[in-house]
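Computed over heavy atoms, backbone and side chain alike; hydrogens, waters and symmetry mates excluded. First listed ligand is number 1; within each ligand, the first listed atom is number 1.
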Amino acid sequence: VLPGDGVGPEVTAEAVKVLQAAAGVLDRPLTFTEGLLGGCAIDTTGTALPDATLERCRASDAVLLGAVGGPRWDDPTAAVRPEQGLLGIRKALGLFANLRPVRVHPALADAGPLRRDLVAGIDLLVVRELTGGIYFGERGRKSDPSGELAFDTMVYTTAEIERVVRLAGRAARARQGRIVSVDKANVLESSRLWRATAERVLSEEFGDLEREHLLVDAASMHLIQCPNRFDVIVTGNMFGDILTDEASVLAGSMGLLPSASLGESGPGLYEPIHGSAPDIAGQGIANPIGMILSAALMCRETLAWPEAAQRIEAAVERVIADGIRTRDLAPPGDTGVSTSELGDRIASAVRARTAVTA
Ligand code: IPM
Ligand code: MG
C-alpha cells in the first residue's frame, strides 16, 4: 500500500477497510504493508521512489497506490519531483498496460454536464500504453537565440505496440468484441508505426473483433458526442492520459474511476485515475470510490479472486443506488457524507449478504 500524498492516504485507508471486509466475509486473509512514494518519500528520503519501496512492491502480489504530488513539491526547477516516483514505479515494475474502465451508474447519469441519453449505459475500457511514448523519450533543453529550446520525444517500438494491442485485443474479446486504436498517424511517425502495427496484430490475431483506427482529435470528439459507440480503446501513453480525464467526465466525477496497471508478470499496480487533489486534501471529503474500485480490479486481475471483486463492485453500486454521495456528487447545498463514512457504508455492504446479488 503506497498511500502517497494529498487525498491519497484518505482514499487508500478506505480501500484497505473494504478489502478487509471482503477478506473477513470470504475468509481469505490479506497482509498489507505500507511504503513511501512521491512527495512524502522526497521529504523523508530525498527521492520519490526509495529502493525500500520498490523492494517491498516486488515482494508483494499487488500494489495499491493512492496519488502523488502537491504544491509543496511543485517547483518546476526542482531536481526531484513526486511524479518521478509514479513514472519510476510503473517503469520499474514493467507495467506497460494501464486499464481504465469507464461505466456510468444509472443513478449518476445526470451527475455530469452531458445529457442522460448520451451517457446512460456507457461501458468502455481505455487501455493506455504506460511505459513508453513521450513520457519516456529523450527530453532536454538547449540554448536558442531567443532564449532556450525544449524538447520531448515520442518513441514507440514495434514490440511495445504489439504487446499492448494484444492485451487490449484479449480484453475486447472478453467484452463486446469491438476495439478502436487511437493515434495521430496523419502527422506523427510514431503513430504511423502504431497504426500499421495495431492493424497487423488485430487483423492477424484478432480477426473476430470489429476494429477501427481513429485519429486522437476525432476520438476526443466522438467520446463526448457518441460515447456509447466505444467498447475498448487502445492508445499511447499521452493520448490515453488525456482521453481518460475526458472520459471521467462521462462518469460524473473523476473520483469514481479506477485503474489497473499490468505487466508481463510480477505485481499489478492499482490506482484511481485522479490525482492527489491538494485543494481538498485533509478535509475528509474526497470520493474513495475510484480507489475502492481499483482494489476490486486488484482482486480480479492479480489475486484471481473474482468473488471479492464482484462483492466490492456490487457494494459500490448498492451504496450509489441508495443515494450516498461524497461532496463531489452531492446535490447543490448538500455537503454529502465524509470519505470514511462512504468507506464504512461500502464495507458494510460488502459484509451484507445482499451485496452479492445487488
Ligand atoms: C495519471 C496522471 C499521471 C500521468 C501524472 C500524475 C504523472 O495524470 O495517472 O493519469 O500523467 O500518467
Ligand atoms: Mg492523467
Please walk me through it: do Val180 and His222 pass side-chain contact (heavy atoms from CB on, under 4.5 Å)? CA-CA 12 Å; Val180 175; His222 290 297; over 6 Å; no
Would you kindly check if the NZ (Lys) or CZ (Arg) of Arg163 is within the cone defined by 45 degrees around the ring axis of Phe96 and under 6.0 Å from the six-membered ring centre?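 So Arg163 does make the cation-pi contact.
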Is it the case that Lys142 places NZ or CZ above or below the six-membered ring of Phe151, under 6.0 angstrom from the centre and within 45 degrees of the axis?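 Yes - Lys142 lies over the ring of Phe151, closer than 6.0 Å to its centre and within 45° of its axis.
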At a non-hydrogen distance cut-off of under 4.0 Å, which region of Gln84 contacts ligand 1 (side chain, backbone, both, or neither)?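 Answer for Gln84: neither.
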Return the residue, atom name and 0.1 Å-rounded distance of the protein heavy atom closest to [atom].
| atom | answer |
| --- | --- |
| atom 9 (O) of ligand 1 | Arg90 NH2, 2.7 Å |
| atom 2 (C) of ligand 1 | Asp241 OD1, 4.0 Å |
| atom 7 (C) of ligand 1 | Glu83 CG, 3.9 Å |
| atom 3 (C) of ligand 1 | Leu86 CD2, 4.0 Å |

So if you build clusters from Ile, Leu, Val, Met, Phe, Trp, Tyr with side-chain heavy-atom gaps below 4.5 Å, do Ile224 and Leu257 land together?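 As far as the 4.5 Å side-chain criterion goes, Leu257 and Ile224 are connected within one cluster.
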Which atoms from ligand 1 have a heavy atom of Tyr135 less than 4.0 Å away?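 Heavy-atom distances to Tyr135 below 4.0 Å select 4 (C), 11 (O), 12 (O).
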Going through the checks in order, is the salt bridge (charged side-chain N to carboxylate O under 4.0 Å, His left out) test met by Glu55 and Arg58? CA-CA 5 Å; Glu55 275 162 37; Arg58 288 204 167 110; over 6 Å; no
Quick check: closest heavy atoms across Leu223 and Leu243, and the distance to 0.1 Å?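 In this case the closest contact between Leu223 and Leu243 is CD2-O, 3.6 Å.
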Below 2.8 Å, which protein N, O or S atoms neighbour the Mg ion (ligand 2), ignoring water?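 Checking every protein N, O and S atom gives Asp241 OD1.
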Could you name the option among Met238, Arg100, His274 that has the heavy atom nearest to atom 1 (C) of ligand 1?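 That would be Arg100.
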Apply salt bridge (charged side-chain N to carboxylate O under 4.0 Å, His left out) to residues Lys184 and Asp217 and explain how you reach the verdict. CA-CA 8 Å; Lys184 188 69 183 174; Asp217 48 353; 3.2 Å; yes
Atom pair OG1/CG of Thr302 and Leu269 - distance to nearest 0.5 Å: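 Taking OG1 in Thr302 and CG in Leu269, the distance rounds to 9.0 Å.
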Can you check side chain to side chain donor-acceptor pair (under 3.5 Å) on Tyr270 and Glu301, steps first, answer last? CA-CA 10 Å; Tyr270 298 85; Glu301 301 287 339; 5.6 Å; no
